Amino acid sequence: MTETAATQPVGGDQPAGYDPAAVERRWQARWEAEATNVTDLSDGPRPFYALMMFPYPSAEGLHVGNLFAFTGNDIYGRFQRLKGHTVFEPLGYDAFGIHSENFAIKVGVHPGELIPRNIDNFRRQLKRAGLMVDWSHELSTTDPSYYKWTQWVFLQLYEQGLAYKKRAAVNWCPFDKTVLANEQVEHGLCERCGTPVEQRFLEQWFFRITDYAGRLLANLDRLDWSESTLVAQRNWIGKSEGAELAFPVQDVMSFAGSATVNEGTSGEVVATPLEIRVFTTRPDTVFGATYLVLAPEHPLVDQLASDEQRTEVRAYVELAAKQDLITRKTSKEKTGAFTGAYATNPATGQPIPIWIADYVLMEYGTGAIMAVPGHDERDFEFATQYDLPIVRVVAAEGESSDTPLNQAFTETTACTLVNSGRFDGLRVEEARSAIVTELAAQHAGRPVVNYRLHDWCISRQRYWGPPIPIVYCDTCGTVPVPENQLPVLLPQIEDFRPDDSGVSPLARHEEWYHTSCPKCGAQARRETDVSDTFLDSAWYFLRYPSSDRDDVPFDQALTKKWLPVHSYIGGNEHAVLHLLYSRFITMVLKDAGHIDFEEPFTRFRAHGLIVREGAKMSKSKGNVVNPDQYIELWGADAFRTYLMFLGPFEEGGDFRDKGISGVKRFLDRMWKSVHDARRDGAADAEVLRKLHQTIKKVGNDVARLSYNTAIAAMMEYMNTLRAGERTPHVDEVRPLVQLASPFAPHIAEELWSVLGETRSIFDSGWPSYDEALVAEDLVTMAVQVNGKTRGTITVSKTASQDEAVAAAMAEANVAKFITGPVKRVIFVPGRLLNLVV
RNA sequence: GCCGGGAUGGCGAAACUGGCAGACGCGCGAGACUUAAAAUCUUGUGUCCGAAAGGACAUCCGGGUUCGAGCCCCGGUCCCGGCACCA
C-alpha cells in the first residue's frame, strides 16, 4: 500500500489493495494513543459492563477457543457502545492454581517467574486480536494487591460464621505426594502418573454454601441465563423433598447429646434410647423398610457393633476408608457388613437388622438410610446379595399385596399402598404426607428438604495460591489475620513441590510458618493451606472497576454504577462451579452489607466449543489452531469475522482452514466498495431498501448473539450492492461499514476515515433504519394446491385474499392443478396461498 | 441409569411464532480477463427424470395431528456434553 492510498478521496481512481497487517497496526497504535478503549468509569449515563470469563494464562498461549469467546464478547461490547452505552470491557488472568503449579513443576521453573511470562504472551495475543479492552484495569489473581482482597473475602465469611474447619476425606496420590481434585482422578487412578489413589483425612477449611442452597436455587428462576446453565445449576444443587425418620435401636442406650447425628447439645448424664435417623424421599414405603444401612463412616457404627460382629465391622470400615473416593462412587457392586444390632421400624414395630455398606454416603442426608428393597434398586440388589427380606408395599393397578417382586418396583403413578396396615389402599402421593404426619405425631419423623450440594472445601495443600489468612495460637486458638495486616504474602520459596506430609509446602518454611499471634503477640503458627482458585475467580468481576484502588476491595460508588454485570459470557464448563461460587460470594457480601445486589450476572450466555474437522482440538491430535499464524496470514479482522461466521456462537462450530477465504473476500469487497464509491447522483432506491432491511436484521441478530446470520446478512447485502458490477453510492456503503465494525474493527476504522470521518467509528452510533422502507410494497407469495407449491404470485403487500386468488388462478401452472371446485382457501397475507380442491 | 443439546446438500450451516427447505459461505463445474497461472468477475450447483417447461423424491428411522411439519405429538436409532450408589 502506498502512503496516499489510505487517504485517497472517495472516488479516487486507483484504490490501494487491502493490507490487513498495516491497517491493524495503524489502528491499534491509534486506539492506544488516543485511549479510545479506556472507559471513564465515573462518567457515562448508560453504563454497560460487558464481561468475558478471564483466562488461565497457560504456557501454550491463547487457544483459538479463547479467542472465539473473547471476540464474541467484544462484538457485543462494541455493539452496545455503538448503541450509545458507555461500555466497560476489562480483562485479567486467573493465574493461581494447580494447573500453573503442575506445569511449573514439570518444566522446573518457579510459577512466580513463569506466570508473568505467560501473561505477557497472552496480552500480546489479545491485543493483536483488536479487542476493545480497557487495559488500564487489567488484573491478575496472583498479584498481592488482588489476593489481599481475596483474603479479605475469606475473612468476611469467617466473621459471619460461614467458614469453618473440619476433617474431611481427600484424594491422595502416593506417588505425586499430593492432594488431587476429583477431576484429576480417573477410574481410581491418578490422571498424571496412574498410581492408585488413596483416601486421606485432613483438617480443611469449608464454606457453608449449603446454608444458601435454597436461595441459590430460587433465584435461578429470575435470571436471564442460558437454559442449559440454569438446568446444570438446578441439578447440582439437587433439591429433594422427603422426611427424616427415627428408628430406635434395640437394647442400646446412650448418653444424651451423643445419641443423634446432627444434634450436638449438652452432655446431660441421662441414658436415652439410641436412635438412627434416616432421610428418605419415600416415607410412603416405610412399612417395607426391612433393614437399615449406615455409611461406614457413621459415628454410631462402633457403638452399634456387637461383640461377635465387631471384627468384621472394623475390617469393613477400614477397607472402605482405603478406597479412593471415585471408585467408591462408581463401582456398583454392593458390599457391606452386619453390625449385629437391630432397630425397630416405627411403622411396623418389627425389629430390623442394622447394616453398614459403602453405597450409603456419609455426606448426604443423615449418612443412614432405611432400606426398602422392594422399591429401591440399590436396596434390592443389596438385599438379594445378603439374603434380606423383600416386602412389597406399593402395587400398581392389577397387582396385589403378594404379587411377587423379581426386581425393585419404583413406579409411583397410579399406585396404591399394600402391606401397610391402616394405610393400605391409599395412593402413593396421599400416603407420603399421611405417614409423615402420623410419625411426626409420635416424634418419629418430620418433613425435611435435602440438597445434594455440599459445603465448599476451599483448602488446598499446595503452594501456588493465596495463603488462608488464619493464625493458630496456643492461648487464643484460631485467630483471623486482621484486615490491616493483609495481604498475608505468599513467600517466594524454591522448593514449592508438594511432599508426602499431606500439608502444604509452606509448612516447611519455618520463618514463614512461625509468626506472632495478632491478638496476644505470643508465638503462633500460620495456616499453611492456600485457598482454592475458584475463590479467586468468585469475586474478580467486583474488582475490575476498582482495580486501581489499594484501600478498598471495591469502591462503593463505582460498584453501584457498574454492577451487577450486564452481560457475562463464558464456557459451559463453568456452568456449575465458578458461576455458583460467584453467586454465593455475592450473596454473602450482600448480607454483610458491602453491596446491594445478590446476583452478580444479570445476563449470562454460554458460548459453544470450537472443534476442528469434527474432532476436539488437542495437542496429542496435533489439530490445535494457533491464532497467531492465522492473524499473520489473514489479519485479525478476517480471523475474528471467520470465527463468528463458522457456526452459531452459542453452539460453536467446526474450524476449517479454507472457510476463512470467504470472509476475507467479503472484507476485500467492502474495502473496494468504499474506495470506489461515488458521491455524485443518488443512491439506488432498491439498494437502500435492502440496506435498511440489513440494518434491521444485523441489529436484531447481534443483540441475540446470532453472529453467523448477521454476517450472512451483510454478505447478502454486499452481493446486492455490487450486483452487475455497479458502482455503489457512498450512502449505500457508509452504514455497512458501521454494521461490520464490531466484527472487523480495524478495517472499519480505516474505511470510516476514508469516508472522511475524523472520530472513531465506535463513537458514531449504530445506524438506524426506516421501518416504512423495510417493508416491500410488492410481495412474492407461494401458491400451493393441496399443500404443494405450484407457483408464485407477486402482489401488493396489502392484497386481499380475493385479489390473491385471482392472481393465482391466472398462473397457468396453478390452474393446471385446479381439477375441481376450490373447497377451501388458506391465505397467509404476504406469505402463502393454499388452495384445497 | 438420569438430565441437557443435537442429527438438514460434497462440507460449515440458514429457516426467530407450523407457511416457498437449503439463505450465506466453502468446495466443485462452466465462462470472461490473462501468453499462462493466481487473484478478480459472471454463472450454475439437493437427488432423480426431462432439451426445456415442468415433474417426482428429499431435513436420522417408523407412525400420528394438520390445508400445510425440519419445527408439534407418540415410538425408536445414533452422536455430543453434564451428573452419576444422593436414599
Side-chain angles (χ1 to χ4, degrees), chain A residues 17 226-232 234-236 238 240 242 278-282 285 293 328-334 357-361 363-372 375-379 381-382 450-454 572-573 575-576 608-609 611 613-614 616 642 645-648 650-663 665-666 668-669 672 697 700-701 704 706 708-719 722-725 780-792 812-813 816 823-828 830-837:
Chain A
S226 292
E227 191 54 34
S228 58
T229 312
L230 293 175
V231 169
R234 282 193 192 103
N235 291 344
W236 186 264
S240 53
V278 303
F279 174 72
T280 178
T281 52
R282 295 290 308 277
T285 62
V293 188
R328 164 157 173 190
K329 289 193 175 188
T330 47
S331 107
K332 309 279 176 191
E333 225 172 283
K334 296 286 176 293
D358 69 357
Y359 81 93
V360 175
L361 309 172
E363 64 270 20
Y364 186 75
T366 61
I369 62 154
M370 65 173 203
V372 184
H375 305 284
D376 180 281
E377 282 167 30
R378 296 149 303 179
D379 298 342
E381 216 181 303
F382 192 80
N450 243 311
Y451 296 94
R452 310 168 73 123
L453 184 68
H454 298 334
N572 230 347
E573 68 273 18
V576 176
L609 207 74
V611 298
E613 261 107 49
K616 210 169 169 171
Y642 174 57
F645 184 60
L646 55 68
E650 291 178 71
E651 283 164 41
D654 201 341
F655 189 96
R656 284 157 56 260
D657 290 325
K658 284 188 170 156
I660 195 168
S661 61
V663 158
R665 242 190 294 271
F666 168 72
D668 282 336
R669 288 165 155 207
K672 200 159 155 28
K697 175 155 177 62
N700 289 343
D701 285 356
R704 60 186 177 100
S706 183
N708 55 335
T709 55
I711 295 165
M714 289 188 276
M715 288 173 164
E716 212 179 317
Y717 176 63
M718 181 65 77
N719 291 340
R722 299 187 63 84
E725 294 185 80
T780 303
M781 291 177 60
V783 179
Q784 299 182 337
V785 178
N786 290 340
K788 289 202 187 253
T789 305
R790 297 301 178 186
T792 58
N813 199 53
K816 196 167 98 186
K823 281 185 270 184
R824 197 173 157 192
V825 177
I826 288 103
F827 179 63
V828 185
R831 283 194 170 273
L832 152 149
L833 181 70
N834 187 11
L835 305 169
V836 184
V837 294

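This is a predicted model, so every value here is computed, not measured. Chain naming here is simple, since letters A, B, ... match the order of the sequence lines and numbering starts at 1 in each.
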Response to the item:
When both distances are under 3.5 Å in a Watson-Crick or G-U wobble arrangement, the nucleotide paired with B:C72 is B:G64
Worksheet item: What integer number of Å spans the C1' atoms of B:A30 and B:G63?
Response: 45 Å
Worksheet, complete the sentence: Ranking B:C24, B:G4, B:C67 by distance to the side chain of A:Ser228, first place goes to B:G4
Discussion item. So if I take every side-chain heavy atom of A:Ile369 and compare against B:G27, B:A87, B:G19, which nucleotide ends up nearest?
Written reply: B:A87
Worksheet entry | Who pairs with B:A58 - Watson-Crick or G-U, where each distance is under 3.5 Å | none
Discussion item. Could you tell me how far B:U17 sits from B:C73 if I compare only their P atoms? Round to whole Å.
Written reply: 14 Å
Worksheet item: Which of the following nucleotides, B:A87, B:C20, B:C57, is nearest to the side chain of A:Thr281?
Response: B:A87
Worksheet item: Under 4.0 angstrom, heavy atoms only, what part of the nucleic acid is A:Arg831 near: base, sugar-phosphate, or nothing?
Response: sugar-phosphate
Discussion item. Under 3.5 Å for both donor-acceptor distances, Watson-Crick or wobble: does B:G4 have a partner, and if so which one?
Written reply: B:C80
Item to complete: Describe the nucleic acid contact of A:Ser706 in one word from base, sugar-phosphate, nothing, applying a heavy-atom distance below 4.0 Å.
Response: nothing
Response to the item:
Nearest-nucleotide check on RNA chain B, A:Asp379 vs A:Glu227; residue mapping nearer the 5' end is A:Glu227
Worksheet item: Is a donor on one side and an acceptor on the other found under 3.5 Å between the side chain of A:Ser226 and the backbone of A:Ser228?
Response: no
Practice prompt. Give none if B:C16 has no partner; otherwise give the nucleotide forming a Watson-Crick or G-U wobble pair with it, both distances under 3.5 Å.
Written response: none
Item to complete: Answer yes or no: is there a side-chain heavy-atom contact under 4.5 Å between A:Met781 and A:Val828?
Response: no
Fill in: Sugar-phosphate only, base, or nothing, as touched by A:Glu377 at under 4.0 Å among non-hydrogen atoms
nothing
Worksheet item: When the nearest nucleotide of RNA chain B is assigned to A:Arg824 and to A:Thr709 on a heavy-atom basis, which residue is associated with the more 5' position?
Response: A:Thr709
Fill in: Rounded C1' spacing from B:C60 to B:A69 in Å
16 Å
Item to complete: Give A:Leu646 one of three labels, base, sugar-phosphate or nothing, depending on what nucleic acid heavy atoms sit under 4.0 Å from its own.
Response: sugar-phosphate
Worksheet item: Do the side-chain N or O atoms of A:Arg790 get closer than 4.0 angstrom to the phosphate oxygens (OP1, OP2) of B:A56?
Response: yes
Item to complete: Sticking with atom C1', work out how far B:C48 lies from B:U66, rounded to a whole angstrom.
Response: 29 Å
Response to the item:
In short, A:Thr229 meets A:Asn572 closest at the heavy-atom pair OG1-OD1, 3.1 Å
Worksheet, complete the sentence: Per atom distances to the A:Thr789 side chain, the nearest of B:C20, B:C24, B:A87 is B:C20
Worksheet, complete the sentence: Here the distance between atom P of B:C79 and atom CG of A:Asp654, to the nearest Å, is 18 Å
Practice prompt. In whole angstrom, give me the gap between the C1' atoms of B:G18 and B:U59.
Written response: 15 Å
Worksheet item: Choosing from B:A87, B:C11, B:A13, which nucleotide comes nearest the side chain of A:Pro648?
Response: B:A13
Discussion item. Return the pairing partner of B:C28 with a 3.5 Å limit on both distances, Watson-Crick or G-U wobble; otherwise return none.
Written reply: B:G44
Worksheet entry | Identified pairing partner of B:U34, criterion: Watson-Crick or G-U wobble below 3.5 Å | none
Worksheet item: B:G25 C1' sits how many Å from A:Phe666 CZ, rounded?
Response: 12 Å
Discussion item. What contact category does A:Asn708 fall into here, base, sugar-phosphate, or nothing, at under 4.0 angstrom with non-hydrogen atoms?
Written reply: sugar-phosphate
Worksheet item: With rounding to whole Å, what would you report as the distance between B:C83 and B:G10 at their C1' atoms?
Response: 38 Å
Practice prompt. Mind listing the closest non-hydrogen atom pair of A:Met370 and A:Thr285 along with its distance?
Written response: CE-OG1, 3.7 Å
Practice prompt. Would you indicate what A:Arg665 reaches in the nucleic acid, counting non-hydrogen atoms under 4.0 angstrom: base, sugar-phosphate, or nothing?
Written response: sugar-phosphate
Practice prompt. Measure from the side-chain heavy atoms of A:Glu716 and tell me the nearest of B:U42, B:G19, B:A23.
Written response: B:A23
Worksheet item: What integer number of Å spans the P atoms of B:C28 and B:U65?
Response: 47 Å
Item to complete: Pick base, sugar-phosphate or nothing for A:Lys823, based on heavy-atom distances below 4.0 Å to the nucleic acid.
Response: nothing
Item to complete: Fit a plane to each ring of A:Phe279 and A:Tyr364, take the angle between them on a 0 to 90° scale, and name the class: parallel (under 30°), tilted (30 to 60°) or perpendicular (over 60°).
Response: perpendicular
Worksheet item: Does B:C85 have a Watson-Crick or wobble mate here (both distances under 3.5 Å), and if so which one?
Response: none
Worksheet item: Where the side chain of A:Tyr642 meets the backbone of A:Arg656, is there a donor-acceptor pair that is under 3.5 Å apart?
Response: yes
Worksheet, complete the sentence: Ranking B:C85, B:A87, B:G27 by distance to the side chain of A:Phe279, first place goes to B:A87
Discussion item. Mind checking if A:Val231 touches a base, just sugar-phosphate, or nothing, with heavy atoms under 4.0 Å?
Written reply: sugar-phosphate
Item to complete: Using a 4.0 Å heavy-atom cut-off across all strands, classify A:Asn235 as base, sugar-phosphate, or nothing.
Response: sugar-phosphate
Worksheet item: Just checking A:Asn719: base, sugar-phosphate only, or nothing, at a heavy-atom cut-off of under 4.0 Å?
Response: sugar-phosphate
Worksheet entry | Span that lies between the P atom of B:U43 and that of B:C26, in whole angstrom | 14 Å
Discussion item. I want to check something: taking the side chain as every heavy atom from C-beta on, are A:Glu716 and A:Lys697 in contact at a cut-off of under 4.5 Å?
Written reply: no
